[in-house]
Amino acid sequence: GTIDFPIAFYHIEPSHPRYQMPYHWHPEYEIIRILEGFFHLTIDGDSYNVTSGDILFLHNGVLHGGIPNDCIYECLVFDMDLFLKDSRIGRKQINRILQNEIIFLQHLPQESSILQNIVTNLFTSMAERRTGHELLIKGYLYQLLGYLLQENLYQNN
């Protein structure tokens, strides 16, 4: 992303030059959603076999990579501090996340229709980039974090 809008969107299909995800890390957070197929993903040494509908939430600094198989997947990579730092709303919770006191589950439950709707809206807004998408995306990120906290989809570190 940019300083004005610190979030990047990637739609990855088998023809994409970065289809296979080499092991890497970055200081930003990342959300991965699997649209089709199968993906063997390793995150900080833990292996996940994910399929269509799965959502992964990666904290900053985690080593991750994997091998997709007939897979279409999307990624949002964002700097949570830059993206949410100007707001006082929820600052206590945001600080706990940024200081790694709260660690969200990496593999989020697929069966939650609320979670699926939030993530679908987030990715669709980013992909379409229609007028106002920046505000919608910020709102969806807050919704996502609020939902993860409300449903206890985290552990205290």
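Taken together through direct or relayed side-chain contacts under 4.5 Å among Ile, Leu, Val, Met, Phe, Trp and Tyr, L56 and L148 form parts of separate hydrophobic clusters. When hydrophobic clusters are built by joining Ile, Leu, Val, Met, Phe, Trp and Tyr residues whose side-chain heavy atoms come closer than 4.5 Å, directly or via intermediates, L58 is not grouped with L144. No path of Ile, Leu, Val, Met, Phe, Trp and Tyr side chains, each step under 4.5 Å between heavy atoms, connects V77 with L98, placing them in separate hydrophobic clusters. Transitive grouping of hydrophobic side chains (ILVMFWY, heavy atoms separated by less than 4.5 Å) brings I43 and I34 into a common cluster. Taken together through direct or relayed side-chain contacts under 4.5 Å among Ile, Leu, Val, Met, Phe, Trp and Tyr, V62 and F57 form parts of separate hydrophobic clusters.
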task: Determine, step by step, whether F104 and I97 satisfy the side chain to side chain contact (heavy atoms under 4.5 Å, CB included) criterion, reporting the C-alpha distance in whole Å, the side-chain angles of both residues, the deciding distance to 0.1 Å, and the verdict.
output: CA-CA 9 Å; F104 293 112; I97 295 165; 3.6 Å; yes
message: What verdict does the side chain to side chain contact (heavy atoms under 4.5 Å, CB included) test give for I32 and L41, after you've listed the backbone C-alpha separation in whole Å, the side-chain angles of each residue and the deciding distance to 0.1 Å?
response: CA-CA 11 Å; I32 302 170; L41 191 65; 4.1 Å; yes
query: Given the rule in the side chain to side chain contact (heavy atoms under 4.5 Å, CB included) test, do Y10 and H16 qualify, once you have shown the distances and angles that lead to the verdict?
result: CA-CA 10 Å; Y10 304 95; H16 193 280; 5.7 Å; no
field: Worked check of ring pair (Phe, Tyr, Trp, His ring centres under 6.0 Å) between H59 and Y29
entry: CA-CA 5 Å; H59 278 261; Y29 288 74; 5.2 Å; yes
message: As a quick check of understanding, evaluate side chain to side chain contact (heavy atoms under 4.5 Å, CB included) for N156 and R96, giving each step before the final call.
response: CA-CA 9 Å; N156 289 308; R96 291 188 67 216; 2.9 Å; yes
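No donor-acceptor distance shorter than 3.5 angstrom exists from the side chain of N157 to the backbone of I103, with no hydrogens or angles considered. Side chain of E30 to backbone of C75: no donor-acceptor contact under 3.5 angstrom is found. Remark: the backbone N or O of L35 is paired with a side-chain donor or acceptor of S52 at under 3.5 angstrom. Judged by distance alone, the side chain of H133 and the main-chain N or O of R130 form a donor-acceptor pair under 3.5 Å. Using a distance-only test at 3.5 Å, with no hydrogens or angles considered, a donor-acceptor pair links the side chain of D44 to the main chain of L63.
The minimum heavy-atom distance linking E28 with D79 is given by the pair CG-N, 4.0 Å. For Q116 against I55, the heavy-atom pair with the smallest separation is NE2-CD1, 3.6 Å. Nearest approach of N60 to P27, heavy atoms of both residues: CB-O, 2.9 Å. Counting all heavy atoms, side chain and backbone alike, P14 lies closest to C71 at CD-O, 3.5 Å. Considering every non-hydrogen atom in both Y19 and D70, the closest pair reads OH-N, 3.2 Å.
Here the CG-CG distance, from L105 to N152, works out to 9.5 Å after rounding to the nearest 0.5 Å. How far CG of N117 is from OH of Y140: 10.0 Å, rounded to the nearest 0.5 Å. Note that NE2 of H64 and OG1 of T42 are 11.0 Å apart. Values are rounded to the nearest 0.5 Å. Remark: L149 CG to Q93 CD distance equals 6.5 Å, nearest 0.5 Å. For the atom pair D81 CG and Q99 CD, the distance stands at 10.0 Å (nearest 0.5 Å). To the nearest 0.5 angstrom, K138 atom NZ is 9.5 Å from L141 atom CG.
When side chains are defined from C-beta on, L76 counts as touching M126, because their heavy atoms get closer than 4.5 Å. Using a 4.5 Å cut-off on side-chain heavy atoms (C-beta onward), F78 and I31 make contact. A 4.5 Å side-chain heavy-atom check between S47 and H40 finds at least one atom pair inside the cut-off. The side-chain heavy atoms of F39 and M21, taken from C-beta on, include a pair separated by under 4.5 Å. Contact check for N121 versus Q143: no side-chain heavy atoms found under the 4.5 Å cut-off.
Take I114 and apply the side chain to side chain contact (heavy atoms under 4.5 Å, CB included) test, not counting sequence neighbours, and it matches S112, I118, Y147. For H107, the ring-ring contact (aromatic ring centres under 6.0 Å, His included) partners two or more places apart in sequence, or in a different chain, are Y48. By the side chain to side chain contact (heavy atoms under 4.5 Å, CB included) test, E111 pairs with P109, sequence neighbours left out.
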